[in-house]
Amino acid sequence: MWYRLLETKSAYTAEMWKALFNAEALSVLVVPASSWAEEAEMEPHAVYVPWGKGHVAREIMRKV
């Protein structure tokens with residue numbers, strides 16, 4: 001089960017958050033708003049983390 005952590009304005013920003021969380025050993029799921037994974041670079045994206053790891057992700061975000 002995934003917890004919706006934040007929404008970004010583009011795929012580039014979502015991938016930046018994904019790289020940061022992965023560097024801290026936190027799994028991340030990035031989902032485009034339109035659900036078109038290949039064509040949605042400029043659309044909003046939602047960043048999900050595993051349920052129960054939201055507090056870890058928020059702590060990482062607080063440090064940035």
Asker: Rounded at 0.5 Å granularity, tell me how far OG1 in T13 sits from CD in E7.
Answerer: 11.5 Å

Asker: Can you sort out the partners of Y48 under ring-ring contact (aromatic ring centres under 6.0 Å, His included), two or more places apart, ordered by chain and number?
Answerer: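 Residues passing ring-ring contact (aromatic ring centres under 6.0 Å, His included) with Y48: none at all.
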
Asker: Name all residues meeting the side chain to side chain donor-acceptor pair (under 3.5 Å) criterion together with Y3; count only those two or more places apart in sequence or in a different chain, and write none if there are none.
Answerer: R58

Asker: What pairs of donor and acceptor atoms, side-chain ones from residues 16-31 against any protein atom, are under 3.5 angstrom apart with sequence neighbours left out?
Answerer:
| unit_1 | atom_1 | unit_2 | atom_2 | d |
| --- | --- | --- | --- | --- |
| N22 | ND2 | K18 | O | 3.3 |

Asker: Side-chain contact, heavy-atom cut-off 4.5 Å: K63 with E59?
Answerer: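 A side-chain contact under 4.5 Å exists here.
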
Asker: Shared ILVMFWY cluster between L6 and V56, side chains joined below 4.5 angstrom?
Answerer: yes

Asker: Does one hydrophobic cluster hold both Y12 and M42, with members joined at side-chain heavy-atom distances below 4.5 Å?
Answerer: no

Asker: What verdict does the side-chain contact (heavy atoms from CB on, under 4.5 Å) test give for T8 and E15, after you've listed the backbone C-alpha separation in whole Å, the side-chain angles of each residue and the deciding distance to 0.1 Å?
Answerer: CA-CA 10 Å; T8 64; E15 290 297 324; over 6 Å; no

Asker: In the structure I gave you, are the side-chain heavy atoms of P32 and H45 within less than 4.5 Å of one another anywhere?
Answerer: yes

